[in-house]
Amino acid sequence: NDGSVTASPEDAYDSEYLCPVSIDGQTLALDFDTGSADLWVFSTSLPSSEQKGHTLFDPSKSTNWKALSGYKWNITYGDGSGASGTVGTDVVTVGGTSVSGQAVEIATKVSSAFVSDTANDGLLGLAFSSINTVTPKAQHTFFDTAKSSLSSPVFTADLKHRQLPGTYDFGTIDSSKYTGTITYIDVDTANGFWEFTGSGYAVGSGSFVSSSIDAIADTGTTLIYVPDAVVTAYYKQVSGASYDSSQGGYTFPCSATLPNLTLGIGSYHAVVPGQYINYSPASGSKCFGGVQSDSGIGFSIYGDVFLKSQFVIFDGSSTPRLGFAAK
Ligand SMILES: Cc1cc(CN)n(C)n1
């Protein structure tokens, strides 16, 4: 049973996108994250100091809840945030797609970043189930659980720029949501991510530089993190741009005109509009860039600043692949 769900930007800068998910009739706003594989929720089992402002899942009010005795989970994300807790299964519905027996991870501890992010009631992981953190047995993602009931084993992301709702679709590729053709690229699932090799980049109207970029498509990461060669070439074209260690990244005068960034996916040139790269005010009249260095991460991350410029197909067939199209 295919489904479609609204992805609403959490704030004025599209720092994350939240989607309504019903767990046995209790609806929470979850951050769909193609960079992780745990479905976890704020719950009544959290200390009251950590519950404030969030919608809580209460398993005691769910008739379909089945606790998994002795099962635990513990996750840390690339930004240092994290959470942990216990596990059960329940009926989970996303748009028109409903599955039973879905592992739902109940938070008994969450880090301060989650406590203060009051619009966010948890995450729904859409990476590969191989990186699910539940012990003693890893659990399936919602997509893996739903896959066999979908018309096609795919989901798509159509995220929007600045305050517009987008959609995640499960089971179908809606041809009204993109223009031109879809370019597919192979995915290496060894690390559990939607990981692929980009073919290069161009800055503004500059010539395309062919270079292999090991990257993941990650809806749960806000910005684009790419090799220093790309970052340097990009901000060289932005007058007044510089690396500001106090801000932890490149900033520039908010009045600057930002060039587009083209990222190669095979022979397809995906264009990120310059305006998308003026991410948010930093301090004073300086703004923070949506393109930053991937140094220390181990791979590049094509996060929301990139993904919202494209229509993206996450194809979970026996040979997983990613599809990209303009829109
Ligand atoms: C909560 C969260 C999720 C992600 C991306 N996978 N990050 C960087 N932080």
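For this chain, numbers begin at 1 and follow the sequence in order. In listed order, ligands and their atoms are each counted from 1.
- Taking every heavy atom of Thr221 and a limit of under 4.0 angstrom, the matching atoms of ligand 1 come to 5 (C), 8 (C).
- Not one N or O of Tyr77 is nearer than 3.5 Å to an N or O of ligand 1, by distance alone.
- Using cut-offs of 30° and 60° for the angle between ring planes, the Trp40 and Phe114 rings count as perpendicular.
- For ligand 1, the atoms lying closer than 4.0 Å to a non-hydrogen atom of Ser81 are 1 (C).
- Of the heavy atoms in Asp31, none comes closer than 4.0 Å to ligand 1.
- Using modelled atom types and a 3.5 Å distance limit, the side chains of Ser129 and Asn132 yield no donor-acceptor pair.
- Ion pair Asp158/Lys308 not flagged as a salt bridge, since none of the NZ, NE, NH1 or NH2 atoms sits closer than 4.0 Å to an Asp/Glu carboxylate oxygen.
- In this model, no donor atom of one side chain and acceptor atom of the other lie less than 3.5 Å apart for Asp2 and Thr172.
- Of all protein heavy atoms, the one closest to atom 5 (C) of ligand 1 is Asp218 OD2, 3.2 Å.
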Show the numbers, then the answer: is there a salt bridge (charged side-chain N to carboxylate O under 4.0 Å, His left out) between Arg321 and Asp186? CA-CA 5 Å; Arg321 56 183 186 160; Asp186 282 347; over 6 Å; no
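- Summary of contacts: the protein heavy atom closest to atom 9 (N) of ligand 1 is Asp79 OD2, 2.9 Å.
- Atoms of ligand 1 found under 4.0 Å from any heavy atom of Gly220 (numbered from 1 in listed order, with element): 3 (C), 4 (C), 5 (C), 7 (N).
- Between Phe143 and Phe155, the ring planes lie perpendicular to each other; the angle is over 60°, past the 30° to 60° tilted range.
- Using a 4.0 Å cut-off between heavy atoms, Phe114 contacts ligand 1 through its side chain alone, with no backbone atom that close.
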